[in-house]
Amino acid sequence: DILEAGFDLSEVQAAFNTLESATWRRILADLEGDELAEALGLVSTVFGAAKDALGRQYVSLATRTHAPSLNLRALFAGTDGV
């Protein structure tokens with residue numbers, strides 16, 4: 001999964017945004033004006049659903065992962081004996 005692979009959510013979202021941008025460039029280059037409205041609806045729906053699913057899955061996985069707590073003893077122990 002993306003957490004175990006070491007990817008941050010922002011990195012995966014950036015990849016989705018890049019793919020979406022490339023898709024739009026291709027659509028605008030290849031489709032006629034009367035086809036753009038339908039493409040807008042389809043592409044927006046697909047990428048919106050994908051980003052939503054990604055975010056929900058990431059949060060679900062993140063809430064099951066327990067980060068180790070920070071040990072502050074050394075910080076507050078002072079410098080005696082150093």
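Throughout, residue positions are numbered sequentially from 1 according to the sequence presented.
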Side-chain donor-acceptor distances from residues 25-34 under 3.5 Å, at least two apart:
from: R25; atom 1: NH1; to: S21; atom 2: OG; distance (Å): 2.8
from: R26; atom 1: NE; to: D30; atom 2: OD2; distance (Å): 2.7

Do V59 and L9 pass the side-chain contact (heavy atoms from CB on, under 4.5 Å) test, and can you show the C-alpha distance, the side-chain angles, and the key distance before you say yes or no? CA-CA 9 Å; V59 168; L9 178 60; 5.6 Å; no
How long is the straight-line distance from OH of Y58 back to CD of Q13, given to the nearest 0.5 Å? 9.0 Å
When rounded to the nearest 0.5 angstrom, what distance separates CG in L19 from CH2 in W24? 12.5 Å
Considering only residues two or more places apart or on different chains, which pairs with a residue in residues 36-46 satisfy salt bridge (Lys or Arg N to Asp or Glu O under 4.0 Å)? none
E11 side chain vs D8 backbone, donor-acceptor pair below 3.5 Å: yes
Considering only distance and modelled atom types, tabulate donor-acceptor pairs under 3.5 Å from the side chains of residues 42-51, sequence neighbours left out.
from: S44; atom 1: OG; to: L40; atom 2: O; distance (Å): 2.7
from: T45; atom 1: OG1; to: G41; atom 2: O; distance (Å): 2.7
from: K51; atom 1: NZ; to: N17; atom 2: OD1; distance (Å): 2.7
from: K51; atom 1: NZ; to: E20; atom 2: OE1; distance (Å): 2.7

